Amino acid sequence: MEAGALPTTKSALGAGLIIDARRRIEDLPLWLFALLTVAGFNAIALGGLVCTRRFGQSLGLYTFIDNDTVGAIFSSILVMYAISLGLIAVASWGNASAAAAAASEEASHIATVYRTLGGYPQPLQDDLKDSVVRYTQSIIEKAWPAQQRGEVTEAGIEIILHLWSRITQFEPKTDGQLVIHGQVLDGFNKLVEFRRRRIEATSYAVPGALWGVVLTGAAVSIFGSYLFKIQSLSVHGLLTILLTTMIALLVFFIATTDHPYSGSNAIEPLAYEIVLRYLQDYN
């Protein structure tokens, strides 16, 4: 161990391995991730079905089962789980949409501020425009890679502070400059607001406890399908596959929208790249 380095605890090492495994899974192509999710869920479900049927038949438990009673209870469980899973999926999609909107709005206000700065006198105008360009580059080159790693970063904050200092120190000398100055301040404040929202979106994720509810609910729902008295194992297996596949697809959807800026379904900095090209061409 290097001098001054802190010892790595088992819990920290375990957490690091979990995060690394999650990132490897998220980086899989979407089609492969979906296929593995559905295949994995179905393999476990069918294995559980075979074991449960053998155990139940060996003890004669299926002779006491009434499909109507099981169906009524199973339907209640499935409805509650479906509603819960649907709400979680909608919330996860909402987080991803909010993250994409924040990035798009920030990029839009970068372009607006840059264009409005054209009403400022020289050399202040060139200094502020150069800072806006550097800020956009810092998002693409520094902030975005950090967000893809799940890190909350303040990259570019020094440029923001510089812009704020120079803008607020400017004293308009004509009515036209006063109007332009007000528009720049308004655009800059909106830019900072959407910057904050973008940074906050890095931490968007389904809590671990909620993931526990999702997976436990899946296990309970699939186990409930084992309790039906069906003579044919093939038919029983087919019905279990249909149920399990739907659950697996919803779990896959939640997983792919869980972290908006990371994984193969991550939001890309396309809006900033378009704006940067616009700034460079406009200049």
Side-chain angles (χ1 to χ4, degrees), residues 91-205 257 259-263 265-283:
S92 181
W93 174 250
N95 285 343
S97 298
S104 179
E105 288 288 347
E106 184 186 16
S108 175
H109 286 295
I110 287 174
T112 300
V113 169
Y114 184 90
R115 185 172 57 250
T116 311
L117 286 173
Y120 273 26
Q122 296 291 4
L124 177 61
Q125 180 185 145
D126 284 345
D127 176 53
L128 293 178
K129 283 186 173 182
D130 179 66
S131 295
V132 172
V133 172
R134 288 191 295 109
Y135 176 68
T136 309
Q137 291 172 331
S138 75
I139 293 176
I140 298 171
E141 298 170 3
K142 297 179 181 179
W144 215 266
Q147 289 173 178
Q148 290 176 328
R149 297 191 298 269
E151 300 173 3
V152 177
T153 177
E154 285 291 333
I157 187 62
E158 70 285 348
I159 305 176
I160 288 291
L161 294 176
H162 172 74
L163 281 166
W164 175 249
S165 175
R166 295 303 305 275
I167 291 172
T168 53
Q169 287 174 5
F170 173 66
E171 296 182 2
K173 293 181 173 58
T174 66
D175 291 342
Q177 288 183 352
L178 184 62
V179 172
I180 291 295
H181 187 58
Q183 291 176 346
V184 169
L185 284 173
D186 180 63
F188 181 80
N189 287 331
K190 289 178 179 178
L191 188 159
V192 172
E193 170 63 19
F194 285 106
R195 165 188 163 82
R196 180 188 60 79
R197 295 186 189 182
R198 169 179 57 82
I199 294 173
E200 285 181 355
T202 306
S203 61
Y204 287 170
T257 55
H259 296 86
Y261 295 127
S262 60
N265 197 38
I267 301 168
E268 298 293 337
L270 179 61
Y272 298 94
E273 293 169 353
I274 293 173
V275 167
L276 182 59
R277 288 196 296 269
Y278 162 76
L279 301 185
Q280 291 170 339
D281 293 341
Y282 188 87
N283 193 33

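Just so it is clear, the structure is predicted and the values come from calculations on it, not from any experiment.
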TODO: Write down the atom of H259, the atom of A205, and the distance for their closest heavy-atom approach.
DONE: NE2-CB, 3.6 Å
Task: Closest approach of R166 to L124 (non-hydrogen atoms, all atoms of both residues) - done: NH2-CD1, 3.1 Å
TODO: Report the C-alpha distance between E268 and Y261 in whole Å, list the side-chain angles of each, state the deciding distance to 0.1 Å, and finish with yes or no for side-chain contact (heavy atoms from CB on, under 4.5 Å).
DONE: CA-CA 7 Å; E268 298 293 337; Y261 295 127; over 6 Å; no
What pairs of donor and acceptor atoms, side-chain ones from residues 180-189 against any protein atom, are under 3.5 angstrom apart with sequence neighbours left out?
| unit_1 | atom_1 | unit_2 | atom_2 | d |
| --- | --- | --- | --- | --- |
| H181 | ND1 | Y120 | OH | 2.6 |
| D186 | OD2 | K190 | NZ | 3.4 |
| N189 | ND2 | L185 | O | 3.1 |

Open item on the list: Quick check: closest heavy atoms across L163 and S131, and the distance to 0.1 Å?
Closed with: CD2-CB, 3.6 Å
Task: Listed partners of D130 passing side-chain contact (heavy atoms from CB on, under 4.5 Å), at least two apart - done: R134
Task: Closest contact, heavy atoms only, T112 versus T116 - done: O-OG1, 2.7 Å
- [ ] Name all residues meeting the ring-ring contact (aromatic ring centres under 6.0 Å, His included) criterion together with W93; count only those two or more places apart in sequence or in a different chain, and write none if there are none.
- [x] none
- [ ] Test side-chain contact (heavy atoms from CB on, under 4.5 Å) on L128 and Y114 and set out the steps.
- [x] CA-CA 8 Å; L128 293 178; Y114 184 90; over 6 Å; no
- [ ] Drop me the distance from I140's CD1 to E273's CD, to the nearest 0.5 angstrom.
- [x] 5.0 Å
- [ ] Spell out, as yes or no, whether a donor-acceptor pair under 3.5 Å connects the side chain of Q177 to the backbone of K173.
- [x] yes
Task: Aromatic plane relationship, H109 with F194 - under 30° parallel, 30 to 60° tilted, over 60° perpendicular - done: parallel
TODO: Taking all non-hydrogen atoms of both residues into account, name the closest pair between A100 and I267 and its distance.
DONE: N-CD1, 3.4 Å
Task: Residue list, side-chain contact (heavy atoms from CB on, under 4.5 Å) with E171, at least two apart or on another chain - done: none
- [ ] Check whether any side-chain heavy atom of R277 sits under 4.5 Å from a side-chain heavy atom of I274, and report yes or no.
- [x] yes
Open item on the list: With rounding to the nearest 0.5 angstrom, report the CG to CZ distance, L117 to F170.
Closed with: 10.5 Å
Open item on the list: Applying side chain to side chain donor-acceptor pair (under 3.5 Å) as the test, list every pair that has at least one member in residues 192-201; sequence neighbours left out.
Closed with: E106-R198, Y135-R195, Q147-R198, E154-R195, E193-R196, E193-R197, R196-E200, R198-Y272
TODO: Return yes if some donor-acceptor pair links the side-chain N/O of S108 with the main-chain N/O of S104 below 3.5 Å, else return no.
DONE: no
- [ ] Only counting residues at least two apart or in another chain, list the ones meeting side-chain hydrogen bond (donor to acceptor under 3.5 Å, both in side chains) with T257.
- [x] S92
Open item on the list: Using the side-chain hydrogen bond (donor to acceptor under 3.5 Å, both in side chains) criterion, which residues pair with E141? Sequence neighbours excluded.
Closed with: none
TODO: Can you sort out the partners of A146 under side-chain contact (heavy atoms from CB on, under 4.5 Å), two or more places apart, ordered by chain and number?
DONE: R149, E151, T153
- [ ] Identify the heavy atoms of P145 and I139 that sit nearest to each other, and give their distance.
- [x] CD-O, 4.3 Å
Task: Set of side-chain contact (heavy atoms from CB on, under 4.5 Å) partners for A91, sequence neighbours left out - done: none
Task: Side-chain heavy-atom pair E158, H162 within 4.5 angstrom cut-off - done: no
- [ ] Show your reasoning for whether side-chain contact (heavy atoms from CB on, under 4.5 Å) applies to I110 and L279.
- [x] CA-CA 9 Å; I110 287 174; L279 301 185; 4.1 Å; yes
TODO: Would you check, one step at a time, whether the test side-chain contact (heavy atoms from CB on, under 4.5 Å) holds for L191 with I160?
DONE: CA-CA 10 Å; L191 188 159; I160 288 291; 3.9 Å; yes
Task: With sequence neighbours excluded, residues passing side-chain hydrogen bond (donor to acceptor under 3.5 Å, both in side chains) with S165 - done: Q169
